[in-house]
Amino acid sequence: MSKKFVYLFSEGNKEMRNLLGGKGANLAEMSNIDGIEVPRGFTVTTEACMDYYENGEAISDAIKDEIMQYIDKLEEITGKKFGDVNNPLLVAVRSGSRASMPGMMDTVLNLGMNDDVAKAMGEKSGNPRWSYDCYRRFIQMYSDVVMEVGKSFFEELIDEMKEAKGVKEDVELTADCLKELAEQFKAEYKNKVGEDFPSDAKTQLMGAIKAVFRSWNNARAVSYRRMYGLPGHWGTAVNVQEMVFGNLGETSGTGVAFSRDPATGEVKLYSEFLMNAQGEDVVAGIRTPRPIEELKDILPNAYDELARNLKTLEKHYRDMQDTEFTIENGKLFMLQTRNGKRTAVAALKIACDLVDEGLICDKDAVLMIDAGSLDALLHPTFEPSALKKATPIGSALGASPGAAIGRIVFTAETAKQWADKGEKVILVRLETTPEDIEGMKAAQGILTARGGKTSHAAVVSRGMGTCCVAGCTELKIDYDAKKFTIGGVDYKEGDWISLDGSAGNIYAGAMETTEAVIGGEFARIMEWADKYRTLKVRTNAETEEECKKAIEFGAEGIGLARTEHMFFGEDRIPAFREMICAETEEQRIAALNKLEPIQQKDFEEIYESMQGRPVTIRYLDPPLHEFLPTREEDIAELAKTVGKTVKDINDIITALHEFNPMMGHRGCRLSVTYPEIAIMQTRAIIKAAINVKKRHPDWDNFVPELMIPLIGEVKEFTYLKKYVIETAEALIKEAGIKLNYLVGTMIEIPRACITAEDIAKEAEFFSFGTNDLTQMTFGFSRDDAAKFLDEYYEKRIFESDPFERIDQKGVGELMKMAVDRGKAGRPDIKLGICGEHGGEPSSVEFCHTIGLSYVSCSPFRVPIARLAAAQAALHENEEARIKG
Ligand code: PEP
Ligand code: MG
């Protein structure tokens, strides 16, 4: 049997998301729920989309035929005819991939219209205003989304018409005006596209379906996929659905409804609607929607049914639902449902509430939270006392919670450029569009002049966990002058402002913020996560403050203390530079003698703050270019300290210059050349441990882990291990106490993965340094890759940043090899990861599957890693259960 590419809604269900896309699968599921009215239709599958790409971006004849057969079926079901003047079947065409994805072609409504259909529909219904409103919308949407003519010209034409007629709102335009607009739109289409607007319904349908497929790979969709780690081979489905009309008059309308508040999680019908309107009007923020409570008075039956439907859907899906609905002459239709996007705060509350309501179990709760979204909760909020004192310069809708401070920018491009340079920015726009995605992601916060709770800015920023204040009507933006005015005061590009995305307030200047704490529902979810995860979570930290934060967030030890980071401080860097620039062993030892007590004190502090938990300390790994003095005054100071001339120091710096410092004299290579460095560090680590052990003899698990970086050849390791052990043993013997310690290595060079069996015979633990391992596997410089990787994403060579998410095919394979070979060399070897990937959810899951015992990440990502680790364990159990 040949492959089936089209499914009626009645043929599908929610489990078929991969084939039908999220929207299609849910339309099918919802159509089969008793008591919920869904306009009929069919879905063209994601496989048809992939076929389109394999077929040189063309829809095959076989798929075209199948689509037309389903049009026949839809005609039979509805009793209407496609392209027929007297009884036309009009359809909505919508994209829908597995995951809901802004940036793709969204919707074309009223497809199937032409001059004759518009005229006949007007006559037959006695409502020509309605029929021409449908027609002009169709031409507008088709031109914009199918032919990419752009929307602004059409909007200008509408504005001109409103001005000419002296009216303010679209709904005040008469049938004749709308008919005239339809003519103008068609002329504009011909002008831009070079041919007549298609009047044949089938041509229109194929054009729209092709546009949906094409939109899967447009720049916005590609960039969105990268942001959320969605693969390009999924493809999108296309939903073709019989139209119902919200623009038939004052007993018709359309809206968006959530079963709970997506910002707070509160249990209530959270919904907005517009009377006499079609779907796009609500989402695009063109007209300001009305709160749903008003519908109670206008159409009480429709209101009750909507509330009932949302309860039914929520029970059915066992999750908060986000729906679209249309009321046609008082009758309610549900147009789509999906698990609603929500803020991190709402996600936690909803998960806990659903457990308490008995709809889900704690495992479901752990699985339903997007681990990455917790990031939004782990960052500062406004300092309450500062907030109390401050007076907002304006307020609007708190569309996505959080506290943001930043400098004003007016375009997405500027937002990205400034953020790339390390600036905090607030993106201020009249309204946002999918083109703004990159800039929105780069911004700390988003402020818009238009739009409601379900506008693009609100929905997208909630998904991103970015603070957003939307629909501030008092805000007068002048893009040309790069300023906005509020309350009579001008604010220019570059000025600081603060946004409170929960209360919806805007403040001048940068307000003080306060640290996040884990409590309430967050703590409950974390407790459940800890119950199910098997992977331990450690942190990368060097300071007392970082250690404290990490413990508060649940860290179970330190997986990486980068000792060179301890010398970044103004007061410490001179001694470190002295060591780097030493020319003789004597000079170096003199410099090391200055460093040793500083290091010892730091290590004692770390051990104390970690209260007996495991601590891995890495030997010096300074890529020299990060530490050499560059400023004249620093060079002069160094010259003075070591009794040399400025010229001498400059000569030393020149001699130390490396063409490729990341592959240069760093890591273990430094101590191979100068073992006195490893000796000094061992002394500091062990002396600190002895002191701490004396203070806490009961800390049974206190076993410092000494880690040698950048090993590529086992003999490098054995050479240094000899010095480490000799030094440590002598100190422990002298102290007369029992102190265990481990000596292990980082695995961050491909050769180390390949020779891992030999290395494991010598090393007691491995910790994957996936930053360097990624750098060296790809041969991409960590410091420079960002400059050209954007091109890779645009050209779809890469779907995500390999420095952010582990490249499982390449780097991941090397890791697996190292795990297997490492275990062959030492069956009980301890395995962990301390590269940046250790806090990224998909990478954490990967680490779980290859059998690591811990991940280590920055303190702020510890809760994310805990949750991701639990999800990994639960996914594994589920797979094992399915396999039986
Ligand atoms: C690594 O390479 O992954 C690592 C953790 O070390 P660093 O980032 O300090 O090179
Ligand atoms: Mg490294």
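With sequence neighbours excluded, no residue forms a salt bridge (Lys or Arg N to Asp or Glu O under 4.0 Å) with Lys809. By the side-chain contact (heavy atoms from CB on, under 4.5 Å) test, Glu556 is found to be paired with Arg533, Lys536, Val537, residues two or more places apart in sequence or in another chain being considered. For the side-chain contact (heavy atoms from CB on, under 4.5 Å) test, residues two or more places apart in sequence or in another chain that qualify with Phe788 are Phe780, Ala785, Tyr792. For Arg695, the salt bridge (Lys or Arg N to Asp or Glu O under 4.0 Å) partners are Glu604, Glu608, not counting sequence neighbours. By the ring-ring contact (aromatic ring centres under 6.0 Å, His included) test, Tyr723 pairs with Tyr719, sequence neighbours left out. A search for ring-ring contact (aromatic ring centres under 6.0 Å, His included) contacts involving Phe717 returns nothing, not counting sequence neighbours. Applying the side-chain contact (heavy atoms from CB on, under 4.5 Å) rule to Asp602 yields the partners Met566, Arg572, Ile598; only residues at least two apart in sequence or on another chain are considered.
In this model, no donor atom of one side chain and acceptor atom of the other lie less than 3.5 Å apart for Arg618 and Ser767.
In this structure, the separation between OH on Tyr619 and CG on Leu706 is 4.0 Å, given to the nearest 0.5 Å. Going from atom CD of Glu438 over to atom CG of Asp790 covers 7.0 Å, rounded to the nearest 0.5 Å. Distance CZ/Phe766 to CD/Glu748: 12.5 Å, rounded to 0.5 Å.
When every heavy atom of Asn540 is checked against every heavy atom of Gly559, the shortest pair comes out as OD1-C, 4.3 Å. Residues Pro597 and Asn593 come closest through the heavy atom pair CD-O, 3.1 Å. Leu814 and Cys753 make their closest contact through O-CB, 3.5 Å (heavy atoms, listed as atom of the first residue, atom of the second, distance).
In this structure, the side chains of Gln600 and Asn691 come closer than 4.5 Å at one or more pairs of heavy atoms. In this structure, the side chains of Met610 and Ile551 come closer than 4.5 Å at one or more pairs of heavy atoms. Residues Thr770 and Ser843 form no side-chain contact, since every pair of their non-hydrogen atoms from C-beta on lies 4.5 Å or further apart. Residues Ile737 and Ile690 are in side-chain contact: their nearest non-hydrogen atoms beyond the backbone lie under 4.5 Å apart. Side-chain contact between Met579 and Ile677 is present, with at least one heavy-atom pair separated by less than 4.5 Å. Residues Cys847 and Ile806 meet the side-chain proximity criterion, which asks for heavy atoms closer than 4.5 Å. You'll find the side chain of Ile685 stays beyond 4.5 Å of the side chain of Tyr741, heavy atoms only. Counting heavy atoms from C-beta outward, Ile749 and Ile711 have side chains that stay 4.5 Å or more apart.
Looking at Glu836, its side chain never comes within 3.5 Å of a backbone N or O of Phe803 through a donor-acceptor pair. Not a single donor-acceptor pair under 3.5 Å links the side chain of Asp621 to the backbone N or O of Leu710. Looking at Thr849, its side chain does come within 3.5 Å of a backbone N or O of Glu845 through a donor-acceptor pair. Under a 3.5 Å cut-off, the side chain of Arg866 and the backbone N or O of Phe553 do form a donor-acceptor pair. Although no hydrogens or angles enter the test, the distance criterion places a donor-acceptor pair under 3.5 Å between the side chain of Ser498 and the main chain of Gly509. When atom types are taken as modelled, the side chain of Arg861 and the backbone of Ser858 share no donor-acceptor pair closer than 3.5 angstrom. Checking side-chain atoms of Thr539 against main-chain N and O of Ile558 turns up no donor-acceptor pair under 3.5 Å. A donor-acceptor pair under 3.5 Å is absent between the side-chain atoms of Thr381 and the main chain of Ala403, judged by distance alone. Under the 3.5 Å distance criterion, the side-chain polar atoms of Arg683 are left unmatched by any main-chain donor or acceptor of Thr727. In this structure, the side chain of Thr745 engages the main chain of Ile708 through a donor-acceptor pair within 3.5 Å.
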What's the verdict on side chain to side chain donor-acceptor pair (under 3.5 Å) for Gln775 and Asp772, showing C-alpha distance, side-chain angles and the deciding distance? CA-CA 5 Å; Gln775 162 168 264; Asp772 275 310; 2.9 Å; yes
Report the C-alpha distance between Glu564 and Arg666 in whole Å, list the side-chain angles of each, state the deciding distance to 0.1 Å, and finish with yes or no for salt bridge (Lys or Arg N to Asp or Glu O under 4.0 Å). CA-CA 11 Å; Glu564 64 278 4; Arg666 59 177 283 228; over 6 Å; no
Would you check, one step at a time, whether the test side-chain contact (heavy atoms from CB on, under 4.5 Å) holds for Val855 with Ile833? CA-CA 5 Å; Val855 294; Ile833 177 179; 3.5 Å; yes
With side-chain contact (heavy atoms from CB on, under 4.5 Å) as the test, would you mind laying out the steps for Val844 and Cys857 before giving the verdict? CA-CA 10 Å; Val844 171; Cys857 55; over 6 Å; no
Criterion salt bridge (Lys or Arg N to Asp or Glu O under 4.0 Å) on Glu764 and Lys830, from CA distance to verdict: CA-CA 7 Å; Glu764 293 173 286; Lys830 265 189 147 177; over 6 Å; no
Using side-chain contact (heavy atoms from CB on, under 4.5 Å), reason through Ser671 and Leu620 one step at a time and then give a plain yes or no. CA-CA 8 Å; Ser671 292; Leu620 280 177; 5.8 Å; no
I'd like to know whether Tyr674 forms a side-chain contact (heavy atoms from CB on, under 4.5 Å) with Leu592, so could you lay out the CA-CA distance, the side-chain angles of the two residues, the decisive distance to 0.1 Å, and finally the verdict. CA-CA 11 Å; Tyr674 308 122; Leu592 288 168; over 6 Å; no
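A salt bridge is absent between Glu734 and Lys687; no separation between the charged side-chain nitrogens and carboxylate oxygens falls under 4.0 Å. Using a 4.0 Å cut-off between charged nitrogen and carboxylate oxygen, Lys549 and Glu552 count as a salt-bridge pair.
Within 6.0 Å of atom CD in Glu633, more than 12 heavy atoms from other residues, nucleotides or ligands are found, so the atom counts as buried in its surroundings. No more than 12 heavy atoms of other residues, nucleotides or ligands sit less than 6.0 Å from atom CG of Asn701.
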Got a list of side-chain donor-acceptor pairs under 3.5 Å for residues 636-645, not counting sequence neighbours?
from, atom 1, to, atom 2, distance (Å)
Thr641, OG1, Glu637, O, 2.7
Lys644, NZ, Glu583, OE1, 3.0
Lys644, NZ, Gln587, OE1, 3.2
Thr645, OG1, Lys647, N, 3.4
Thr645, OG1, Asp648, N, 2.9
Thr645, OG1, Asp648, OD1, 3.3
Thr645, OG1, Asp648, OD2, 3.2

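Note on residues 815-827: pairs passing salt bridge (charged side-chain N to carboxylate O under 4.0 Å, His left out), not counting sequence neighbours, are Glu813-Lys816. Residue pairs satisfying the ring pair (Phe, Tyr, Trp, His ring centres under 6.0 Å) criterion with at least one member in residues 594-615, sequence neighbours excluded, are listed as follows: Tyr607-Phe702. The salt bridge (charged side-chain N to carboxylate O under 4.0 Å, His left out) pairs that include a residue from residues 714-733 are Lys721-Glu762, where partners are two or more places apart or lie in different chains. Sorted by first then second residue, the ring pair (Phe, Tyr, Trp, His ring centres under 6.0 Å) pairs that include residues 822-853, not counting sequence neighbours, number zero.
A ring-centre distance under 6.0 Å is found for Phe798 and Phe778.
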